[in-house]
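Below is one structure, written out as structure tokens; comments come after it.
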Amino acid sequence: MDKPSNFLTEIIDADLAAGKIKEIHTRFPPEPNGYLHIGSVKAIWINWGIAHAYGGKFNLRYDDTNPAREDMEYVNSIREDLEWLGAIPNGGVFYGSDYFDKCYEYAEKLILDGKAYVCDLNRDEMREYRGDDAGKPGKDSPYRNRTPEENLDLFRRMKAGEFADGEKTLRAKIDMASPNMNMRDPAIYRIKHISHHRQGDKWCIYPLYDYAHPIQDALEGITHSMCSIEFENHRPLYEWVIENLGFGEFPKQREFARLNMTNTVMSKRYLRELVELGIVDGWDDPRMPTLCGLRRRGYTPESLINFVQMAGVAKAYSLQDARMLEYCIRTELDTSAERRVAVLNPVKLIIDNIADGDVQTFALPNNPKSETAGTRDVLLTKELWIEKEDFAEVPPPKFKRLTIGGEVRLMGAYIVKCVGVDKDENGDVTAIHCTADIETSNGMPADGRKVKGTIHWVSCKNAVDADIKLYNQLFTEQDMNALPDGADYKDYLNPESVVTLTGCKLEASLADAKPTDRFQFVRNGYFTRDSKSENTFNRIVTLKDSYKI
RNA sequence: UGGGCUGUCGCCAAGUGGUAAGGCACGGGACUUUGACUCCCGCAUUCGCUGGUUCGAGUCCAGCCAGCCCAACCA
């Protein structure tokens with residue numbers, strides 16, 4: 001992985017050069033309310049990648065301050081996905097909820113300092129007092145000038161469970177005239193009589209993100225808290241908390257644009273809905289942009305990291321072309337994936353000049369790019385399976401494969417010449433008859449004639465059957481963030497997001513392939529065995545410009 | 001509407017006053033027992049717009065336009 005270089009690392013370099021900090025400490029703070037997806041990889045790569053590149057520390061911290069939305073299922077999946085990516089939290093694994101005691105202590109301190117007060121306004125009233133026009137100042141809450149003693153008493157009674165949900169909040173006393181609405185006395189504690197997935201019933205008041213996050217960062221010694229750009233408006237509040245609790249210049253928050261990708265929805269809400277509605281098979285459906293989905297599809301951690309790295313870091317809205325991700329996985333698999341033959345849409349090819357019982361062995365390279373990958377023995381018999389598309393009675397322009405009377409190379413073996421076809425009563429080709437030029441088993445013909453086409457094949461006696469799933473984009477619309485007003489994202493689902501081919505003929509050595517193996521099915525793309533369905537291979541990505549099936 | 005942020009090639013993105021990097025995509029060619037890979041070549045007289053400052057502006061100034069975010073007791 002290359003060392004990151006962007007406007008964030010510039011800030012870090014400056015802090016380092018000024019001697020303000022000696023070690024970089026970052027964090028990735030997901031809320032456990034869904035599965036990690038490729039958009040998360042950007043936040044992970046920025047935070048983990050920078051810490052890693054600078055020899056610093058990186059924390060995983062579950063941001064679990066709202067018990068209403070969080071669940072252990074997500075906690076576990078996040079841990080798993082992060083480790084799969086290789087982003088090791090060398091600074092530790094933490095939970096925002098572990099700081100509830102600290103947050104509470106600091107809240108009492110703010111109250112005593114006259115910087116926070118208990119407010120009895122309900123949600124609607126609070127909105128009304130805050131004002132709906134940031135150009136004009138809001139109105140002070142009638143409870144704004146309660147004494148610290150009174151506030152402390154009330155806050156303790158909030159904690160003790162004396163009040164119902166929504167009855168009171170603790171608010172930071174900042175500036176009701178600020179043009180930044182986040183600074184108009186934001187709520188920092190709310191009452192929720194709900195069990196927390198880790199704290200149980202210990203608490204009935206929970207801190208809000210804007211208050212809890214800077215405290216968590218500060219307590220963990222985070223130097224740079226890098227988050228997505230929608231938090232930019234919250235930075236003054238982040239800094240207010242840091243300053244008024246006496247933490248100093250660090251941690252500092254900086255923001256970057258989140259990752260979007262063509263034909264992809266990234267919002268956890270929609271992803272959850274796709275799962276709940278049964279539109280996809282689950283969070284790990286191979287069409288999902290979740291890490292578990294991409295993993296099941298066959299993507300590697302390296303390809304994902306490489307993709308976000310290639311996409312870059314800036315603050316402008318951007319829509320990454322999904323083809324860039326495909327490029328990343330293709331390039332990686334080209335050098336690492338062993339080659340195998342899979343005939344997706346088979347038709348029989350009969351070599352007339354080979355005897356019925358004759359079985360010949362050819363050693364085919366596992367990866368022509370790699371000397372260490374070795375070879376495997378492939379059997380050739382009189383009857384073979386080839387792709388239907390590799391034969392054409394009436395060849396389209398520039399067609400390089402088999403035609404009647406034409407020649408083609410059987411990859412790794414003979415040049416064959418088509419001498420005729422068998423047809424059924426409908427006129428469909430049932431078998432293609434060829435003669436092999438036996439002299440060309442391992443080289444070019446002696447007369448120097450050129451054969452342009454090369455096709456792949458598998459012996460009928462040595463083939464295994466399997467189903468093949470071809471995946472395409474889940475959505476037809478490119479920018480799912482810019483749908484017309486009133487449009488539903490579900491209107492843009494691609495009906496051909498998965499196409500299943502049955503009765504495909506695979507090279508026998510694929511019979512015991514594992515779901516973690518990745519192969520290039522020669523001339524068809526990169527595939528891996530599906531981890532959940534029997535005898536099924538998933539297409540990871542096509543070969544570029546290869547003919548499409 | 002008020003505030004914040006953003007606007008450089010189809011998609012990303014460098015650029016920090018000295019005369020537009022790079023990647024993806026795309027087009028053309030070479031090579032090829034994968035129409036893959038690889039390798040060449042091409043691809044912004046122009047930086048949201050309009051003025052201004054300057055010998056010189058994508059970079060500075062002014063005005064305008066467009067997009068995104070915020071105005072939850074979500075994160």
Side-chain angles (χ1 to χ4, degrees), chain A residues 5-6 10 29-31 33 63-66 68-70 96 119 121-123 126-127 130-136 138 165-171 178-184 186-192 205-206 208-210 212-213 227-236 255 257 259 261-262 268 307 310-328 330-331 334-335 339 341 364-365 368-369 398-401 408-415 440 442-444 451-456 478 481-482 520-525 542-547:
Chain A
S5 172
N6 51 55
E10 270 177 35
E31 182 181 20
N33 68 343
D63 207 341
D64 55 354
T65 54
N66 186 350
R69 329 199 310 169
E70 298 147 10
C119 183
L121 256 27
N122 66 32
R123 198 182 290 255
M126 202 184 284
R127 192 189 352 258
R130 182 159 40 226
D132 57 3
D133 182 352
K136 300 190 193 91
D165 287 8
E167 205 176 320
K168 289 186 184 344
T169 56
L170 182 71
R171 293 227 256 165
S178 171
N180 183 343
M181 301 300 255
N182 292 130
M183 299 299 271
R184 316 252 263 223
I188 59 177
Y189 262 95
R190 79 285 224 185
I191 300 171
K192 269 182 199 273
I205 56 171
Y206 293 95
L208 276 105
Y209 170 87
D210 284 318
H213 203 85
C227 61
S228 46
I229 199 131
E230 64 270 28
F231 292 105
E232 203 164 29
N233 292 332
H234 296 243
R235 193 151 105 198
E255 311 80 14
L259 181 94
M261 198 160 66
T262 52
K268 277 194 216 168
F307 169 66
M310 202 182 272
V313 181
K315 293 176 81 168
Y317 175 87
S318 67
L319 182 68
Q320 298 299 330
D321 196 327
R323 290 179 296 185
M324 202 153 92
L325 209 210
E326 295 182 346
Y327 165 83
C328 289
R330 238 184 239 127
T331 321
D334 179 49
T335 53
R339 264 109 257 225
V341 170
L364 267 61
K369 291 287 185 73
K398 294 190 178 173
F399 188 75
K400 289 163 57 171
R401 289 160 275 158
V408 75
R409 177 124 234 160
L410 295 178
M411 184 181 287
Y414 305 115
I415 289 172
T440 61
N442 194 24
M444 300 306 285
V451 175
K452 278 200 174 161
T454 301
I455 67 173
H456 56 100
Q478 281 234 329
N481 294 318
Q520 184 195 83
F521 286 177
V522 173
R523 302 205 308 131
N524 276 323
T542 57
L543 251 36
K544 191 188 170 196
D545 283 347
S546 186
Y547 69 94

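Note on naming: letters A, B, ... go to the chains in the order of the sequence lines (proteins, then strands), and numbering restarts at 1 for each one. Computed from heavy atoms alone, side chains included, the values below leave out hydrogens, waters and symmetry copies.
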Under 3.5 Å, N/O pairs linking protein and nucleotides 70-73 of chain B:
| residue | atom | partner | partner atom | Å |
| --- | --- | --- | --- | --- |
| C70(B) | O4' | N233(A) | ND2 | 3.1 |
| C73(B) | OP2 | R130(A) | NH1 | 3.4 |
| C73(B) | OP2 | R130(A) | NH2 | 3.2 |
| C73(B) | O2' | R123(A) | NH2 | 3.1 |
| C73(B) | N3 | G166(A) | O | 3.3 |
| C73(B) | N4 | L121(A) | O | 3.1 |
| C73(B) | N4 | R123(A) | N | 3.2 |
| C73(B) | N4 | G166(A) | O | 2.7 |

Item checked: Nearest-nucleotide pick for F231(A), side chain only, options being A75(B), A25(B), U34(B) ->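 The closest nucleotide is A75(B).
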Next item on the list: From the options A25(B), U33(B), U16(B), select the nucleotide whose nearest atom is closest to the side chain of Y327(A).
Entry: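 Among the listed nucleotides, the one closest to the side chain of Y327(A) is A25(B).
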Under 3.5 Å on both distances, the Watson-Crick or G-U partner of [N]:
N: C5(B); value: G67(B)
N: U38(B); value: A30(B)
N: C43(B); value: none
N: A57(B); value: none

Next item on the list: For R409(A), answer base if it contacts any base atom (sugar-phosphate contacts may also be present), sugar-phosphate if it contacts only those atoms, and nothing otherwise; contact means non-hydrogen atoms under 4.0 Å.
Entry: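 Result for R409(A) = base.
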Notebook entry, point to check: Under 4.0 Å: is that the gap between some side-chain N or O of T440(A) and OP1 or OP2 of U33(B)?
Noted result: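 The answer is no; no side-chain N or O of T440(A) sits under 4.0 Å from OP1 or OP2.
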Would you mind reading off the distance between [X] atom [atom1] and [N] atom [atom2], rounded to a whole angstrom?
X: R523(A); N: U32(B); atom1: CZ; atom2: P; answer: 18 Å
X: R330(A); N: U34(B); atom1: CZ; atom2: C1'; answer: 14 Å
X: E326(A); N: C26(B); atom1: CD; atom2: P; answer: 10 Å
X: M444(A); N: C31(B); atom1: CE; atom2: P; answer: 13 Å

Could you write out each protein N or O paired with an N or O of nucleotides 11-13 of chain B at a distance under 3.5 Å?
| residue | atom | partner | partner atom | Å |
| --- | --- | --- | --- | --- |
| C11(B) | O3' | L319(A) | O | 3.3 |
| C11(B) | O2' | L319(A) | O | 2.6 |
| C12(B) | OP1 | L319(A) | N | 2.9 |
| C12(B) | O5' | L319(A) | O | 3.4 |
| C12(B) | O2' | A311(A) | O | 2.6 |
| C12(B) | O2' | Q320(A) | OE1 | 3.3 |
| C12(B) | O2' | Q320(A) | NE2 | 2.9 |

Next item on the list: Tell whether R401(A) reaches the base of G35(B) with its side chain through a donor-acceptor pair below 3.5 angstrom.
Entry: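 Donor-acceptor pair under 3.5 Å: yes.
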Notebook entry, point to check: Taking for each residue the nucleotide of RNA chain B bearing the nearest heavy atom, is the 5' side occupied by H213(A) or by G443(A)?
Noted result: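 Closer to the 5' end of RNA chain B: G443(A).
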Next item on the list: Starting from the 5' end of RNA chain B, give me the residue, K136(A) or Y209(A), whose nearest nucleotide shows up first.
Entry: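 Nearest-nucleotide comparison on RNA chain B picks K136(A).
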